[in-house]
Amino acid sequence: MIRTSFNADWTVGPRTTYFSELAKDQSSTKLVTLPHDAMWGNERLKDGSSNIACYPDGEYEYKKRFFVPSEYRSKRVAIEFEGVYNQAMVYINGDFACQQPFGYSHFYVKADRFLKYGTENEIKVIATTHKDSRWYSGAGIYRNTKLIVGNLVHIAFDGVKIDTPDIHDDRAVVSVATVIENEGLHTVTTHILSEIVDANGTVVASDRSPITTFAGESATLHQRMLVRDAKLWSVDQPNLYMCRTTVTAGDELLDEETTSFGIRSLTLDSERGLCINGDTIKLRGACIHHDNGVIGAVTIDRAEERRVEILKKAGFNALRSSHHPMSKSLLYACDRLGMLVMDESFDMWTSSKSENDYALHFPVWWEKDIEAMVNKDYNHPSVIMYSIGNEIPEIGSPIGSIWGRKLSEKIRSLDSTRFVTNSVNFMLAVMSDLAQQKELMEPEADEAGGINTMMNDLGDLMANIVASELCTTKTAEAFASVDIAGYNYGDARYLMDKDLFPNRIIVGSETFSNRIDKSWNLIKKNNHLIGDFAWAGWDYLGEAGVGRVQYDMEEVTHYIQSTYPWITAWVGDIDIIGNRRSVSYYREIVFGLRKAPYIAVQRPQHYFKKATLSSWGWSDSISSWSWNGYEGKPIKVEVYADAEEVELLVNGKSVGKAVTGEANRFKAEFDTVYEPGDVTAVAYIGGQEIGRMTLHSASGGVMLEADADRTEITASDSDLAFVMISLVDDYGNLYNTADRKVKVKVNGPGLLQGLGSANPASEEDFFR
């Protein structure tokens, strides 16, 4: 089939009803190129929901006119939508063509029966958001679309599936299953040629076989090919192959497809843990939401690729999509760059977390959406496990366990080559029981605060509840139906469950960043613990302010999220524009990936204030020694290091030494006085220096620096250039206390996709 971008020349505006269509004000629509986030262009509401960053819900209508040639009468025409949020309704030439309630599933619309040939046609897509998300979801056709045109006999959608069942030192077997659909009127015999092509373009294996299909039916051909001296896919060496599939009948070419894949093996046991190609690997994981910061929920290929590049450079080797299936663009980037994936299906099953969320559709649609996720993921070597859900409230009940088993078995019936997990929050699993034990629930979170507030307020008591016999029994059946037990904030059970359930494999599917040193120590020493997924790897829109630092609070709030103008959660290792925060370098040291110490300076304006951090928070510190206006005033300096001790020097004079390393949580704090110049941290083991870091104060004139991540981009809807704008001195030192109003103008054929800072409480528009 021929696939072409269908992203250009759409209009978007408020949804119209049948009776209002003729009276519609056309000035309310605008021309857009997909992917597009309809929510992102709205004005934020000061009294809006902080879950979705105070953006309003809405109903949106997309339209596109497109020409269909007369010769398409003998073809099959379909349109692929990689994601429409939410409640997608598709109409072609005014007639209903397709529905997709779940905003994160890709789906295909078979268009033939609705088309008019030799003339223009119109497609309309309705998207609706209304109290259906716990984070910023965006709205509309926010992922790519494609027009697919093929012959009556063709390869089915997602119809090539590749396995690598046998891998040896000098060879590997590649198994290719190809589904052929015959939508014609006659029985047809075709030949399928499958060629395995390496990175150099060389055909390293091939097979040509006949296959006959009846009219109106499909058939599957299985081919096994031997690849000698196969280059295996791994995190460190993400070698990829291409399968080129050609379908012919006599001399006629009916269809062709290219499919990227990797050759690698997965094994799992309680002694060696998770192994890829026979080598044990520990997951240094990051949880990520789907938005792309200053461009909203728009899923442009380059934005997804850049996220993976930055996260891998920061020391992560695995991503968990939270809490929804990952985009195709992100999966391809993970394949190319060597990033492992836990792809997650749902944030809810039959119990709603928001008034109008997917629980209203789950009982009818769950199988179709699981099929869509597995079909999307099947050929991606980066995907190593599927998660059947996140923090499902009913998971602790017998009926909830039945649903979990159904989901697990459905996935296994579609893909037996990967593992299944379930990201379980023990608190939610026993919530109904805890409600009857009031003494365990002090302080009790109000309804608005939700589970995040309750977990934060319970503090150390939460660990006692997680480790209780109640949690042991309530979750036993749920974990028995999966291959890997996902523990959300369940590190209190890491060691005890090694004895209670000796065959259970555990992953920290969601964890507090401020406990990474303690949990990683356990993970390193115990192979039944295969890794950790931090909440969160990348800051995200919505759940506004859950990671903020509050100062001199008169009383403790029982609502952890903030209100307008807060827009981001402020919990990520990476901020929304791609800068690494202090916690990112701390984590890199804990992982053993950074030998040099790292300096983080707490903002001096808060020195005498009492700081209150949430469970997801990190100190309000940045790596800078430029604090104009605070000369001679006290300042606190944090130094992170995997060393026996560190020394801090200000302008060459020693402030003192402090012990650090794992026993001291890899951190030392120094109180000193700010003096412009430089600050240096020196790390020592056995009295010998092993590394140092120096920060210099910015001085002199303030310069604006614009640094593009690439100097050339392709003229397409899939590419972007990210330009970081900074205020620096002549030597490139950051003026972090300076502030200027910046205007941006784009000349030429490009357009400005978004403009903004990482300020988590900004009121600025992201377009002007």
Side-chain angles (χ1 to χ4, degrees), residues 1-4 71 74-78 80 108 146 148-233 239-265 332 335 374-381 414-417:
M1 290 186 169
I2 298 174
R3 289 172 167 81
T4 57
E71 55 265 31
S74 60
K75 302 286 186 180
R76 282 292 172 260
V77 180
E80 180 186 13
Y108 300 93
K146 288 185 175 62
I148 305 172
V149 181
N151 292 308
L152 298 181
V153 178
H154 56 261
I155 301 169
F157 302 140
D158 305 310
V160 178
K161 290 186 167 59
I162 304 171
D163 296 328
T164 55
D166 300 309
I167 300 174
H168 305 278
D169 291 339
D170 60 344
R171 66 195 187 282
V173 172
V174 176
S175 174
V176 181
T178 307
V179 179
I180 299 296
E181 286 187 343
N182 182 352
E183 296 191 77
L185 299 176
H186 309 286
T187 300
V188 176
T189 298
T190 62
H191 281 82
I192 296 180
L193 172 63
S194 294
E195 298 174 297
I196 308 302
V197 183
D198 68 14
N200 298 318
T202 302
V203 176
V204 295
S206 65
D207 184 82
R208 185 174 185 269
S209 302
I211 183 170
T212 301
T213 54
F214 286 128
E217 294 187 3
S218 63
T220 302
L221 175 68
H222 291 270
Q223 297 167 293
R224 289 173 62 91
M225 289 162 277
L226 183 67
V227 176
R228 296 202 175 275
D229 299 318
K231 294 183 178 180
L232 304 186
W233 187 95
N239 298 302
L240 292 174
Y241 287 84
M242 192 73 68
C243 178
R244 190 163 57 209
T245 307
T246 306
V247 183
T248 56
D251 294 330
E252 183 183 4
L253 175 64
L254 298 180
D255 204 356
E256 57 185 347
E257 189 96 22
T258 56
T259 307
S260 176
F261 73 99
I263 299 174
R264 58 108 177 94
S265 66
Y332 283 117
D335 289 346
V374 174
N375 284 338
K376 168 180 61 69
D377 292 2
Y378 198 95
N379 297 317
H380 291 281
L414 299 169
D415 184 356
S416 62
T417 69

| task | Flag the pair T187 / T212 as yes when at least one side-chain heavy-atom distance between them is below 4.5 Å, and no otherwise. | result | yes
| Matching residue for F261 among D335, L240, V176, I162 - test: side chain to side chain contact (heavy atoms under 4.5 Å, CB included) | I162
| note | Output for pair (D377 CG, L414 CG), nearest 0.5 Å, gives 11.5 Å
| Criterion side chain to side chain contact (heavy atoms under 4.5 Å, CB included) against I192, the qualifying member of I211, V160, T246 | I211
| request: Rounded to the nearest 0.5 Å, what's the gap from CD1 on I2 to NE2 on H154? Could you check? | output: 13.5 Å
| message | Let me confirm one number: the CD1-CD1 distance from I155 to I180, rounded to the nearest 0.5 Å. | response | 5.0 Å
| message | Whether the side chain of D198 engages the backbone of N200 through a donor-acceptor N/O pair (distance < 3.5 Å, no angle test) should be reported. | response | yes
| field | NE2 on H191 to CG on L254, rounded to 0.5 Å | value | 12.0 Å
| Considering only heavy atoms from C-beta outward, does the side chain of D415 approach that of K161 to under 4.5 Å? | no
| V153 backbone acceptor or donor facing N182 side chain under 3.5 Å | no
| Are the side chains of N151 and K75 in touch, meaning some heavy atoms are under 4.5 Å apart? | yes
| query | To the nearest 0.5 Å, how far apart are OG1 in T248 and CD in E256? | reply | 11.0 Å
| request: Determine whether Y241 and V174 make a side-chain contact, defined as any pair of heavy atoms from C-beta on separated by less than 4.5 Å. | output: no
| query | Does E181 reach the side chain of F157, with side-chain heavy atoms less than 4.5 Å apart? | reply | no
| field | Validation row: L152, R76 side chains within 4.5 angstrom (heavy atoms) | value | yes
